[in-house]
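Below: the structure, in structure tokens.
Position 1 is the first residue of the sequence, and the numbers go up from there. Predicted model, so just to flag it, every value in this text is computed and none were measured. Because only heavy atoms are used, hydrogens play no part in the values below, and waters and symmetry mates are left out as well, while side chains stay in.
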Amino acid sequence: MQGNKGAIRLNDTVISNGYCIGCGACATNMESPFQIKMTETGQYQAELAGDFIGDDGTQPFTELCPFSDDADNELAVGKKLYAHSCDYSSDLGFYNGTYAGYVSDMETRSKGSSGGMASWILEELFATNRIDFVINVKAVNSQGADGHPLFEFTVVDSITSIKNNAKSRYYPVEMSKVLKFVKRTPGRYAITGLPCFIKAVRLLQQQDPIFEHRIKYCIGLVCGHLKSARYADSLAWQLGIHPSTLNSIDFRLKDFNSPANQYLTFATNNRLAKKAPTKDLFGTDWGAGAFKYKACDFCDDVFCETADVVVGDAWLPEYVSDPWGTNIVLSRKQEIKEMIEDARLDDRLTLDDLSIEKIVASQDAGLRHRKGAIAHRLYKEMEKGRWVPQKRTSPSAKYGKENDRQRQDSRTVLRDMSHDSFFEALIKNDLNIYLESMRPLLEVYLSIKPPIGRRLLNFITRAKRSILSQVFKKYYKIKTIFGLS
């Protein structure tokens, strides 16, 4: 990979129109004219170096970017990797095994955001000598240093470090530094990431045989969307910890007296440690999309279709009521499927085989938004004369019903206002600027009701979860009374 072909094109299409996810793939080469910087709204973005003049016609940067029209889409990448050994679903991508379950060891399960499966897969790859290094995300204690990120990609080489880096991180990260480490350090690597990040790794592997040879496994995470760093700041500020002093945050502290989807947020600075139910904090309605990257509204990959195995939350009535957490797992690589099956036979994993319909149902809202409603969002951008990335769903002026389109437009307004209003709140040191700007918009969004059929289905689902939640509470109360393990 030499030269600068496509740098200007990438800047004028993806970056200038707000579709950069800040993954860092374009900044991996030492000669790259791109650098990854955190913006004032807390989003990593690629920038052309100030002294960059123009392309010399040899380096295909646009073929590295997960949002570029010149790059293979998720289906094209997936076909090359998995079509020979997997079935295919337009919702899920390729697959050869679908499960719901958790790590049988309760200590491991308790430390994960859900059932502990993502960390277990990494640990098992390491313990069975399949890899030498793991690339995942670690927490960084900022010691109250305003402007320093709270999380970053890192390279680890021990099971202890893998365990320490468990948990969901609703926070921006970038890969350029760790990918440079891979380039200069021989070894066998596994990497975890969101769909767009794993896709970027696959595109990099297509261009550079070093990455293809060294990165042996890609472990994907089911994705709703990526948050800016200001999401963490907003939660901490509501807990009484000013963003300038925020040291650490746990987005998914388990509450063992509540269903798995009712977790806590825990934040600290040098003086305080505060926690609260996440649902009680403003801006945590995932559907409303506060602090979402614009790029996420133009991604149609929920199940990380280019990863060897994908892990997410089992948001299904029969599982969500268990406060310890349960994962869905979708495998594509035969070796990983066999590893999972062997561990199930040894009782190290507790797994149910899950139908494709159930896997889809577990992420139903995300699939509707990402694979369906993207047609409307593409159309709205094109209507304004803006460049949009080419997706597997075509732009449409007639997506859904009128209230579906209104909800999408409302989400876009909420997304944009969250970034602008919170930045103003930081400048003026007044959290209420953000809250008072967003509350009326959220009320409008919530007043736009989905179709009656979907509302009825949601009501039935909530009723099932409530009943199962009461059953689990009684079960754990009996265990406590009789001292059962």
Side-chain angles (χ1 to χ4, degrees), residues 10 13-14 19-26 60-98 118 175 179 191-208 211-212 215 217-226 292-312 328-333 336 356 359-360 362-375 377-378 388-396:
L10 186 62
T13 53
V14 174
Y19 299 104
C20 177
I21 200 67
C23 67
C26 64
F61 280 102
T62 53
E63 295 176 18
L64 285 177
C65 176
F67 286 90
S68 168
D69 288 349
D70 294 340
D72 284 346
N73 66 23
E74 291 80 359
L75 177 57
V77 175
K79 278 184 177 179
K80 295 174 186 177
L81 296 168
Y82 310 116
H84 64 285
S85 60
C86 292
D87 294 318
Y88 179 76
S89 159
S90 59
D91 288 320
L92 310 178
F94 292 94
Y95 64 92
N96 64 9
T98 51
M175 300 186 293
L179 290 176
I191 185 169
T192 62
L194 299 178
C196 51
F197 282 65
I198 296 300
K199 180 184 176 184
V201 169
R202 294 304 195 190
L203 297 173
L204 194 61
Q205 287 180 318
Q206 289 181 4
Q207 286 196 18
D208 191 328
F211 291 110
E212 182 182 17
I215 299 178
Y217 306 93
C218 290
I219 289 80
L221 305 173
V222 172
C223 184
H225 60 262
L226 179 61
K292 181 197 301 184
Y293 274 60
K294 177 183 177 180
C296 298
D297 271 338
F298 297 87
C299 170
D300 55 7
D301 184 359
V302 174
F303 283 91
C304 204
E305 297 177 38
T306 64
D308 298 318
V309 61
V310 187
V311 178
I328 53 168
V329 182
L330 184 152
S331 66
R332 299 189 179 101
K333 197 180 188 80
I336 291 184
I356 297 304
I359 291 280
V360 169
S362 75
Q363 306 297 325
D364 178 61
L367 287 167
R368 284 199 311 271
H369 182 81
R370 302 281 282 280
K371 286 187 174 286
I374 190 174
R377 297 190 296 276
L378 287 166
V388 296
Q390 184 176 353
K391 308 306 295 184
R392 292 174 287 179
T393 301
S394 299
S396 174

Heavy-atom distance under 4.5 Å between the side chains of [X] and [Y], does that happen here?
| X | Y | result |
| --- | --- | --- |
| E74 | F303 | no |
| V14 | T62 | no |
| T13 | D69 | no |
| C218 | R202 | yes |
| C65 | L203 | no |
| R377 | V388 | no |
| C299 | R370 | yes |
| D297 | H369 | yes |

Closest non-hydrogen atom pair between [X] and [Y], with its separation:
| X | Y | answer |
| --- | --- | --- |
| C223 | L194 | SG-CD2, 4.1 Å |
| T393 | G372 | CG2-O, 4.5 Å |
| A83 | F94 | CA-CE2, 3.7 Å |
| A200 | P66 | CB-CD, 4.1 Å |
| V77 | Q206 | CG2-NE2, 3.9 Å |
| L10 | S68 | CD1-CB, 4.5 Å |

V309/Y217 under side-chain contact (heavy atoms from CB on, under 4.5 Å): CA gap, chis, key distance, verdict: CA-CA 9 Å; V309 61; Y217 306 93; over 6 Å; no

Worked check of side-chain contact (heavy atoms from CB on, under 4.5 Å) between I328 and T98: CA-CA 7 Å; I328 53 168; T98 51; over 6 Å; no

Nearest 0.5 Å, what's the [atom1]-[atom2] distance between [X] and [Y]?
| X | Y | atom1 | atom2 | answer |
| --- | --- | --- | --- | --- |
| S89 | I359 | OG | CD1 | 10.0 Å |
| I219 | S331 | CD1 | OG | 12.0 Å |
| C23 | L64 | SG | CG | 8.5 Å |
| E305 | I198 | CD | CD1 | 13.0 Å |
| F67 | D70 | CZ | CG | 15.0 Å |
| R332 | L92 | CZ | CG | 8.0 Å |

Option passing side-chain hydrogen bond (donor to acceptor under 3.5 Å, both in side chains) with Y82 (candidates N96, T306, D308): D308

Lys/Arg cation over aromatic Y19: K294, 6.0 Å, 45° cone: yes

Given D72, D91, D300, D301, the one that forms salt bridge (Lys or Arg N to Asp or Glu O under 4.0 Å) with R392: D300

K371 side-chain N/O to S90 backbone N/O, donor-acceptor pair under 3.5 Å: yes

